[in-house]
Amino acid sequence: MTQPTITGRGLMLVLSSPSGAGKTTISRALLRDGADVVMSISVTTRAPRPGEENGKDYYFVSESEFHAMVAAGELLEHARVFDNYYGTPRAHVEKELEAGRIVLFDIDWQGTQQLKSNARDDLASIFILPPSLEELERRLKGRGQDADDVVRHRMSRAAGEMSHWPEYDYVIVNRDVDLSIAQTRAILTAERLRRDRQTGLAAFVNSMRDT
Ligand code: 5GP
């Protein structure tokens, strides 16, 4: 359901989870829902995985390019995750927010904290938990993209990442991906209906009073 007659300001919707908990599947479903949902594409210094495309999954950059972007203030937030750097290019996000769009972020807890201190009013954050560590490992192995030692490394980091759930507005345990998608859509609907996000409300109500 949309409200074309009432203008709204955009929203940053952050989805964080340990790798493999399902946030990519959930974001893809939201992106398919409509043209007003877009993904923030991060820059990273990590190597592309098989099938990943530059400019679609990430912008793959060298460490020196990354540090130059940080120095130039081009990143809205940035963090070191595992052994690589990741960051969010500022310009794209600002343009989409001004156009009233929903910008989805797949970033870690460090980036979420930075966004929270810089842009709390425009932010809603969701932490996705796996149903169990066994299931997380099964999903990481099943996606077949990472070598065994990378999977082990990610598993060893999972508990630490999961400890950040209390810093998020919403928490979803991803037992059933369709249910998790429905729950994420419900959060998005509610966030869009927040009074202070519907910037055109006063004009809308006034227009009804004047006629
Ligand atoms: P992956 O290498 O599996 O694509 O991502 C590893 C971790 O980095 C994930 O937890 C992901 O959410 C996080 N990440 C990806 N892009 C960004 C970003 O731009 N900023 C921050 N802070 N974390 C990111």
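Side-chain atoms are counted along with the backbone in the values below, which use heavy atoms only and exclude waters and symmetry mates. Keep in mind it's a predicted model, so treat the numbers as computed, not measured.
- At a threshold of 4.5 Å between side-chain heavy atoms, the hydrophobic network of Ile, Leu, Val, Met, Phe, Trp and Tyr places Ile26 and Leu179 in two separate groups.
- To the nearest 0.5 Å, atoms CG (Asp122) and CE (Met12) are separated by 5.0 Å.
- The shortest side-chain heavy-atom distance between Leu104 and Ser40 does not fall under the 4.5 Å cut-off.
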Test Met39 against Ser27 for side chain to side chain contact (heavy atoms under 4.5 Å, CB included), laying out the working first. CA-CA 8 Å; Met39 192 84 207; Ser27 340; 4.0 Å; yes

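- Counting only residues at least two apart or on different chains, the ring-ring contact (aromatic ring centres under 6.0 Å, His included) pairs with a member in residues 96-125 are Trp109-His164.
- Counted within 6.0 Å of CZ on Arg28, heavy atoms from surrounding residues, nucleotides or ligands total 12 or fewer; the atom is thus considered open.
- Note that the CG atom of Leu13 and the CD1 atom of Ile126 stand 4.5 Å from one another [nearest 0.5 Å].
- The main-chain N or O of Thr45 is never found under 3.5 Å from a side-chain atom of Glu63 such that the two would form a donor-acceptor pair.
- For the pair Ser17 and Leu129, the minimum side-chain heavy-atom distance is 4.5 Å or more.
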Evaluate side chain to side chain contact (heavy atoms under 4.5 Å, CB included) for Leu188 paired with Leu11, printing each intermediate quantity in order. CA-CA 9 Å; Leu188 189 52; Leu11 168 71; 3.8 Å; yes

Test side chain to side chain contact (heavy atoms under 4.5 Å, CB included) on Phe66 and His78 and set out the steps. CA-CA 10 Å; Phe66 186 92; His78 59 93; 3.8 Å; yes

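- Atoms OH and OG1, on Tyr85 and Thr44 in that order, are 11.0 Å from each other to the nearest 0.5 Å.
- Looking at residues two or more places apart in sequence or on another chain, you find a side chain to side chain donor-acceptor pair (under 3.5 Å) between Ser62 and Ser64, Glu65.
- Side chains of Asp106 and Leu15 form no contact here, defined as non-hydrogen atoms less than 4.5 Å apart.
- When all heavy atoms are compared, the tightest approach of Ser19 to Arg154 is OG-NH1, 2.9 Å.
- Val177 and Leu31 fall within the same hydrophobic cluster, where Ile, Leu, Val, Met, Phe, Trp and Tyr residues are linked whenever their side-chain heavy atoms come under 4.5 Å apart, directly or through other members.
- A salt bridge is defined here as a Lys NZ or Arg NE, NH1 or NH2 lying under 4.0 Å from an Asp or Glu carboxylate O, and Asp36 with Arg192 meets this definition.
- Taking the charged nitrogens against the carboxylate oxygens, Asp108 and Arg157 have no contact shorter than 4.0 Å, which rules out a salt bridge.
- Separating the NZ atom in Lys141 from the CZ atom in Arg152 is a distance of 8.5 Å, to the nearest 0.5 Å.
- Arg139 contributes a side-chain N or O that, together with a main-chain N or O of Ala21, makes up a donor-acceptor pair within less than 3.5 Å.
- Once rounded to the nearest 0.5 Å, the distance linking CE of Met69 with OH of Tyr59 reads 9.0 Å.
- The CG atom of Leu123 sits 10.0 Å away from the CG atom of Asn118 when rounded to the nearest 0.5 Å.
- The shortest side-chain heavy-atom distance between Thr88 and Leu75 does not fall under the 4.5 Å cut-off.
- A salt bridge is defined here as a Lys NZ or Arg NE, NH1 or NH2 lying under 4.0 Å from an Asp or Glu carboxylate O, and Arg90 with Glu77 fails to meet this definition.
- Side-chain rings of Tyr58 and Tyr86 approach one another, their centers coming within less than 6.0 Å.
- Within the 4.5 Å cutoff, side-chain heavy atoms of Asp83 are placed close to those of His153.
- Applying the 6.0 Å contact sphere to CZ of Arg120 captures more than 12 heavy atoms from other residues, nucleotides or ligands.
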In residues 94-101, what donor-acceptor pairs under 3.5 Å come from side-chain atoms, sequence neighbours left out?
| unit_1 | atom_1 | unit_2 | atom_2 | d |
| --- | --- | --- | --- | --- |
| Glu96 | OE1 | Arg101 | NH1 | 2.6 |
| Glu96 | OE2 | His92 | NE2 | 3.4 |

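- Remark: Arg138 does not engage Glu134 in a salt bridge, criterion side-chain N to carboxylate O under 4.0 Å.
- In this structure the side chain of Glu135 never reaches within 4.5 angstrom of the side chain of Pro130, judged on heavy atoms.
- What you find for Arg175 and Ser180 is that their closest heavy atoms are N-OG, 4.3 Å.
- At distances below 3.5 Å, at least one donor-acceptor pair connects side-chain atoms of Asp169 with backbone N or O atoms of Ser125.
- Considering only heavy atoms from C-beta on, Ile41 stays 4.5 Å or farther from Pro89 through its side chain.
- At least one side-chain heavy atom of Arg46 sits under 4.5 Å from a side-chain heavy atom of Phe60.
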Using the rule given for side chain to side chain contact (heavy atoms under 4.5 Å, CB included), can you reason through Ile172 versus Ile187, listing the C-alpha separation, both sets of side-chain angles and the distance that settles it, and then say yes or no? CA-CA 11 Å; Ile172 292 177; Ile187 291 168; 4.1 Å; yes

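- Side-chain atoms of Tyr168 and Thr112 include a donor-acceptor pair closer than 3.5 Å.
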